[in-house]
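Comments concern the structure below.
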Amino acid sequence: MKLANPKNPNTRGLMRERHRRDRAQTPPLRTRYPDVASLRLNFVFSDSGPFTPAPQVNEMHPPATAFFVFACPYDDCDGEFNLAGPVDAMVRAGRDRCEGQLRCGGQRSGNKGKYSCTLTLDFTAQALRAE
Ligand SMILES: [Zn+2]
């Protein structure tokens, strides 16, 4: 039997494993940010290639794990986007909204071997405060 063999089994798998471990140690949103009723993360991706990933919306509620590291949507990339800093700064400053841009620093593995991912994430984070 041939095992499932994703294009980039090692680094991508290691990242997923690390995320799973980190997530397990992260408190829920309601503990970390008690006055936040919901958090909405809007992702818009841009890249020079022909297959740019679709936009994403992540709606997080108080029971959700307050984990803000997202794997690059390219499944052959080992990169990630870490929004923990901007989200934390927004909530602590009492702001309801922040936006920014992050670049993937991962490596992709294509037919021609490894190459740097050029995906750019434009994100908007919106916090809805509890009454
Ligand atoms: Zn990437």
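We're numbering straight along the sequence, starting at 1. A quick note: this is a predicted structure, and the numbers were derived from the prediction, not measured.
Contact detail for Tyr115 and Gly110: the closest heavy-atom pair is CE2-N, 3.7 Å. When all heavy atoms of Ser46 and Thr52 are compared, the pair lying nearest together is CA-CG2, 3.8 Å. The two residues Pro28 and Pro63 come nearest to each other via the heavy atoms CB-O, 3.8 Å. The two atoms that bring Ala71 and His19 nearest to each other are N-CE1, 4.0 Å, heavy atoms only. Across every non-hydrogen atom of Asn82 and Ala84, the tightest pair is OD1-N, 2.9 Å. The minimum heavy-atom distance linking Ala127 with Met90 is given by the pair CB-CE, 3.9 Å.
Partners of Asn58 under the side chain to side chain contact (heavy atoms under 4.5 Å, CB included) rule, at least two apart in sequence or in another chain, are Leu41, Phe43, Gln56, Phe70.
Under a 4.0 Å N-O distance rule, the pair Asp75/Arg12 does not qualify as a salt bridge.
Using a 4.5 Å heavy-atom cutoff, the side chains of Arg32 and Val87 are not in contact. With a 4.5 Å cut-off on side-chain heavy atoms, Gln107 and Ser116 count as touching. Residues Tyr33 and Pro62 are not in side-chain contact: their nearest non-hydrogen atoms beyond the backbone lie 4.5 Å or more apart. Side-chain atoms of Phe45 and Cys72, non-hydrogen and from C-beta on, never get closer than 4.5 Å to each other.
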Query raised in the report: Step by step, would you call Arg129 with Val91 a side chain to side chain contact (heavy atoms under 4.5 Å, CB included)?
Result: CA-CA 10 Å; Arg129 305 281 168 168; Val91 175; 4.1 Å; yes
Report task. Would you check, one step at a time, whether the test side chain to side chain contact (heavy atoms under 4.5 Å, CB included) holds for Leu29 with His61? Result -> CA-CA 7 Å; Leu29 204 57; His61 295 283; 5.8 Å; no
Query - Stepwise side chain to side chain contact (heavy atoms under 4.5 Å, CB included) check, Asp22 with Val69 - result: CA-CA 9 Å; Asp22 290 351; Val69 183; over 6 Å; no
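Atom CZ of Arg103 is separated from atom CG of Asp47 by 10.0 Å, given to the nearest 0.5 angstrom. Expressed to the nearest 0.5 Å, how far CG of Asp78 lies from OG of Ser109 amounts to 8.0 Å. Note: Leu128 CG to Asp96 CG = 8.0 Å, rounded to the nearest 0.5 Å. Considering SG of Cys117 and CG of Asp76, their distance stands at 8.0 Å, rounded to 0.5 Å. Atom CZ of Arg40 sits about 4.5 Å away from atom CD of Glu59, to the nearest 0.5 Å.
Residue pairs that meet the salt bridge (Lys or Arg N to Asp or Glu O under 4.0 Å) test with at least one member in residues 117-127, sequence neighbours left out, do not exist here.
Residues Tyr74 and Met15 do not share a hydrophobic cluster, clusters being chains of Ile/Leu/Val/Met/Phe/Trp/Tyr side chains in contact below 4.5 Å. Note on Leu121: it does not cluster hydrophobically with Phe67, by side-chain heavy-atom contacts below 4.5 Å among ILVMFWY residues. Phe68 and Leu119 fall within the same hydrophobic cluster, where Ile, Leu, Val, Met, Phe, Trp and Tyr residues are linked whenever their side-chain heavy atoms come under 4.5 Å apart, directly or through other members. The cluster map of Ile, Leu, Val, Met, Phe, Trp and Tyr, joined by side-chain heavy atoms under 4.5 Å apart, puts Leu83 and Met60 in the same cluster.
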